[in-house]
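Shown next, in structure tokens, is the structure this report addresses.
Keep in mind that what you see is a predicted model, and the values were worked out from it rather than measured. All values below come from the heavy atoms of this structure, side chains included, with hydrogens, waters and symmetry mates left out. So that the names make sense, note that chain A is the first sequence line, chain B the second, and so on, each numbered from 1.
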Amino acid sequence: MSVKIYNTLTRKKETFQPLETGHIKLYVCGITSYDYCHIGHARSALAFDMIVRYFRYLDYKVTYIRNFTDIDDKIIKRAAEQNTTTEELANRFIDEFYVDMDKLGVDRPTMEPKATEHIQEMIDLIGELIDKDMAYPANGDVYYRVGSFAGYGKLSGRKLEDMQAGARIQINENKDDPMDFVLWKASKPGEPSWESPWGDGRPGWHIECSAMSRKYLGDTFDIHGGGQDLIFPHHENELAQSEAANNKPYVNMWIHHGFVTIRDEKMSKSLGNFLTIRDILAHYHPEVLRFFIFSTQYRNPLDFSEAAMQNAMTGLDRLYECLASVDKLSGDGSPDTKQIASAKDITKLTSMEERFQKAMNNDFNTALAQGILFESAKAINKIIRQLDKQPSQKDVDLLKDGATTIVKLASVMGILQEKAHDYLAAKKTAMLNQIEISEEEILQLIKERNQARDEKNWARSDAIRDQLLSHNIELKDSSAGTGWTIKKD
RNA sequence: GGCGGCGUAGCCAAGCGGCUAAGGCACUGGUCUGCAAAACCAUGAUUCAGCGGUUCAAAUCCGCUCGCCGCCUCCA
């Protein structure tokens, strides 16, 4: 089985084959750090976290580089507004980024280079481009000569003429051609700057990724990723710079994920319709956000809403409830009892991993993968419900193996990673804090109600249940006793 | 204006030429229960925005129309 990935460059799903057998080299554009991260950033981090986890699950070695842009116009502007340095501001929000990532359980990439720590590599790269006449200095700036690179536009599928026709490009008299883009910017007084052969200045945005990816992954590497909004101009320009400098293909496979939208509009800082990661985590368990994000295939738009988050939470709870009920199975089964699981349910469970891989191999179809988890949980619930007091060894093994496999597969998406009991208990505690009744009171009332039930005093029993219901507490009677949960709206 | 994507049950969402169109949420009926809840079982699209075409066969390929979204400027 091989992994198929949609490649932006060819606009097709292709069978993925790393350049070096068993070792995947991946570069992803990280954040520009000048503010808190929003859910769109979370989707990016989580999408590639999932992709890397899946490759590692398949036993690939993955070298994963994700950069920080810690110098650019917006950082300079924001630092000036806040009366601080670009360095302090950028580092502060890198720290905040890690706070969010750690809460979300995002694995750290292999390396996270910062732009400001690779100025020399960028100057070297720009120098090579000038030597090849692919770039030219002008009044302290350096520009890339777009017209000299034959492949310009191949990633974003644009023709140079079309771009010029509808272009909204600022007039800049330093440029030979309006489409040329900046590699090095002369600094204005007071701005952070670095020495260069062309005078004091700072790098343009696109050159940093070309320089850092080359340093850590080489001239040509397997996968380059980012959001769909980076295709043009950022990735188009990176490709132009790197291929012109190295005379080699830059990247084999380009992966671009879709946006998070709100009311079907792109969430972005410029539109102001964004929610930060910490806004969400204040109200939802991190796994709920992960579950929500993976409920749609990574390339499709994902519309954020409270209803969608509630939906995700209900689904996640259901899976945890299933795992918890398997955990409750005590001891070993009996070798003498007959197995009651149906052939169909046995197949559902034993084929789970194979079906999961098939889904994931098809361009990381996490939506389908979640469906497979639900089908498996359903089969488990069904078997448990039919179980005798002395369950058969075969059934117990099937259930425990099924639950173990669910947890293992879910780990690719970073969900179901808590002990089911702990997750459900923590949830209960969190919910208790929102209502005006203590657990002791609840348990006392349940005790009273069970006494009433023993006396068949149904009026009293129902009154207590209604009383608890007025506090949003729902009761669950079972042979094992009476449990309770917080009612969903 | 140029380029790209999407339109599948009440909502979310798989499916990418051929098994009864996954799965989740919601709804309804049943089993269970003193009654409930949870769980389980069952039910829901003769049909995939519309219209044509290709094919023995199309939600899936092609064309046109309608609607929505994104990129073309910093943006995950």
Side-chain angles (χ1 to χ4, degrees), chain A residues 8 11 13 28-32 34 37-48 69 72-74 77 153 156-159 161-170 205 225-234 236 256-261 264-271 274 291-292 295-297 299-303 305 307-308 310-316 318-319 321-322 325 355 359 362-363 365-378 380-386 453 456-458 461-462 465-466 469 473-479 482-485 487-488:
Chain A
T8 308
R11 274 161 277 272
K13 271 187 206 173
V28 174
C29 292
I31 58 161
T32 299
Y34 69 102
C37 289
H38 58 63
I39 316 174
H41 298 111
R43 188 179 196 189
S44 177
L46 290 173
F48 290 105
T69 298
D72 92 323
D73 290 347
K74 278 188 295 198
K77 186 167 169 252
S156 55
R158 293 152 210 264
K159 296 194 192 88
E161 311 87 75
D162 295 341
M163 285 189 261
Q164 281 163 331
R168 290 182 267 172
I169 298 165
Q170 289 177 344
W205 177 34
Q228 281 171 355
D229 49 357
L230 297 183
I231 296 172
F232 190 88
H234 185 52
E236 191 69 64
H256 292 99
H257 66 261
F259 302 124
V260 177
T261 61
D264 292 323
E265 271 198 331
K266 180 183 170 183
M267 180 184 295
S268 74
K269 289 190 176 161
S270 35
L271 289 174
F274 65 91
F291 188 93
F292 164 69
S295 65
T296 298
Q297 203 265 355
R299 281 191 291 124
N300 295 141
L302 176 62
D303 201 49
S305 67
Q310 287 292 334
N311 194 331
M313 188 168 75
T314 308
L316 186 67
R318 190 169 137 84
L319 292 175
E321 296 274 7
C322 168
S325 60
R355 290 184 294 131
N362 186 6
D363 204 19
N365 193 339
T366 52
L368 221 202
Q370 285 188 350
I372 290 161
L373 261 27
F374 275 110
E375 284 182 7
S376 307
K378 191 170 187 170
I380 287 175
N381 284 335
K382 190 175 167 186
I383 296 165
I384 286 181
R385 176 170 160 81
Q386 295 167 333
R453 290 173 74 210
K456 300 208 188 296
N457 183 349
W458 308 128
S461 160
D462 288 352
R465 191 170 63 199
D466 289 346
L469 201 55
I473 304 285
E474 267 182 352
L475 298 182
K476 292 183 185 181
D477 292 327
S478 77
S479 52
T482 301
W484 61 274
T485 56
K487 195 180 167 205
K488 294 158 197 149

Without decimals, in angstroms, what is the distance between Asn311(A) CG and C25(B) C1'? 4 Å
Between C1' of C74(B) and NE2 of His38(A), the distance in whole Å: 12 Å
Nearest-angstrom distance from the residue atom CD1 of Ile384(A) to P of C40(B): 10 Å
Take the protein atom NZ of Lys159(A) and the nucleotide atom C1' of C3(B), then report the distance between them rounded to whole Å. 9 Å
Identified stems (criterion: three or more consecutive Watson-Crick or G-U pairs, under 3.5 Å), RNA chain B: B:1-7 with B:66-72, B:10-12 with B:23-25, B:28-31 with B:39-42, B:49-53 with B:61-65
Under 4.0 angstrom, heavy atoms only, what part of the nucleic acid is Ser156(A) near: base, sugar-phosphate, or nothing? sugar-phosphate
Classify Val260(A) by what it touches in the nucleic acid, base, sugar-phosphate, or nothing, heavy-atom distance under 4.0 Å. base
Atom pairs under 3.5 Å: protein N/O with N/O of nucleotides 13-16 of chain B:
unit_1: A14(B); atom_1: OP1; unit_2: Gln297(A); atom_2: N; d: 3.0
unit_1: A14(B); atom_1: OP1; unit_2: Asn300(A); atom_2: OD1; d: 3.1
unit_1: A14(B); atom_1: O3'; unit_2: Asn365(A); atom_2: ND2; d: 2.6
unit_1: G15(B); atom_1: OP1; unit_2: Asn365(A); atom_2: ND2; d: 2.6

To the nearest 0.5 Å, tell me how far Arg453(A) CZ sits from Asp477(A) CG. 3.5 Å
Using the C1' atom in both, what is the distance from C12(B) to G7(B), to the nearest Å? 14 Å
For U65(B) and C71(B), measure between their P atoms and round to the nearest Å. 24 Å
Considering all heavy atoms of both residues, which atom of Arg355(A) and which atom of Glu375(A) are nearest to each other, and what is their separation? NH1-OE1, 2.8 Å
Just how far, in rounded Å, is C1' of C32(B) from CD of Gln386(A)? 13 Å
With a 4.0 Å cut-off on heavy atoms, is His234(A) in touch with a base, just the backbone sugar-phosphate, or nothing at all? nothing
Distance between P atoms of G50(B) and U60(B) (Å, rounded): 10 Å
Over all strands shown, is Asn381(A) touching base, sugar-phosphate only, or nothing at heavy-atom distances under 4.0 angstrom? sugar-phosphate
If you measure from CD on Glu265(A) to CG on Leu271(A), what distance do you get to the nearest 0.5 Å? 6.0 Å
Leu319(A) side, atom CG; Gln370(A) side, atom CD - distance, nearest 0.5 Å: 8.0 Å
Between Met313(A) and Gln310(A), is there a side-chain heavy-atom distance shorter than 4.5 Å? yes
To the nearest 0.5 Å, what is the distance between NZ on Lys74(A) and OG1 on Thr32(A)? 6.0 Å
Give a yes/no on whether any side-chain N or O of Arg318(A) is located under 4.0 angstrom from OP1 or OP2 of C40(B). yes
Taking only the side-chain heavy atoms of Arg465(A) (C-beta and beyond), determine which of A37(B), C41(B), A36(B) contains the nearest atom. A36(B)
With RNA chain B as reference, determine whether Thr485(A) or Pro233(A) sits nearer its 5' end, using the nearest nucleotide of each. Thr485(A)
Taking only side-chain nitrogens and oxygens of Lys266(A), does any of them come within less than 4.0 Å of OP1 or OP2 of C71(B)? yes
Mind checking the P distance from G4(B) to C62(B)? Whole angstroms is fine. 13 Å
Just call it for Gln228(A): base, sugar-phosphate, or nothing, with non-hydrogen atoms closer than 4.0 Å on any strand. nothing
Using a 4.0 Å heavy-atom cut-off across all strands, classify Asp462(A) as base, sugar-phosphate, or nothing. base
Take atom C1' in A38(B) and the same atom in C32(B), then report the distance between them in whole Å. 10 Å
Shortest non-hydrogen contact from Asn365(A) toward Gln297(A): CA-CG, 4.1 Å
Is the base of C32(B) touched by the side chain of Asp477(A) through a donor-acceptor pair closer than 3.5 angstrom? no
I need the NZ-P distance between Lys378(A) and A39(B), as an integer number of Å. 11 Å
Write down the distance separating the C1' atoms in U8(B) and U46(B), rounded off to the nearest Å. 15 Å
Closest-nucleotide 5' rank along RNA chain B - winner of Glu321(A) and Ile372(A): Ile372(A)
Under 4.0 Å between any heavy atoms, over every strand shown, what does His257(A) touch: base, sugar-phosphate, or nothing? Just pick one. base
Ser461(A) has its side chain closest, among C25(B), G24(B), G34(B), to G34(B)
N/O donor-acceptor pair under 3.5 Å between His257(A) side chain and Gly226(A) backbone: yes
Integer angstrom distance from the P of C61(B) to that of C68(B): 23 Å
Euclidean distance for P, U28(B) against U54(B) (whole angstrom): 47 Å
Phe259(A) six-ring face occupied by Lys266(A) cation (under 6.0 Å, within 45°): yes
Contact class for Gly227(A) (heavy atom, under 4.0 Å): base, sugar-phosphate, or nothing? sugar-phosphate
So, does the side chain of Arg453(A) form a donor-acceptor pair with the base of U33(B) at under 3.5 Å? no
Under 5.5 Å and under 30°: Phe259(A) stacked on A76(B): no
Evaluate the side chain to side chain contact (heavy atoms under 4.5 Å, CB included) criterion for residues Tyr34(A) and Lys77(A): first the C-alpha distance (whole Å), next the side-chain angles of each, then the deciding distance (0.1 Å), finally the verdict. CA-CA 10 Å; Tyr34(A) 69 102; Lys77(A) 186 167 169 252; over 6 Å; no
Arg43(A) near the nucleic acid: base, sugar-phosphate alone, or nothing, with a heavy-atom cut-off under 4.0 Å? nothing
Arg385(A) CZ to A42(B) C1', straight-line distance once rounded to whole Å: 14 Å
Phe232(A) has its side chain closest, among G34(B), C71(B), A37(B), to C71(B)
Over 60° means perpendicular and under 30° means parallel, so classify the ring planes of Phe274(A) and His38(A), tilted if in between. tilted
Gap separating the CG atom of Leu302(A) from the OG1 atom of Thr261(A), nearest 0.5 angstrom: 7.0 Å
Rounded distance (Å) that lies between atom C1' of A36(B) and atom CD of Glu474(A): 9 Å
Would you classify Lys456(A) as touching base, sugar-phosphate or nothing, given that sugar-phosphate means primed atoms plus P, OP1 and OP2, and contacts are heavy atoms under 4.0 Å? nothing
Straight-line distance of Lys13(A) NZ to Asn362(A) CG, nearest 0.5 Å: 3.5 Å
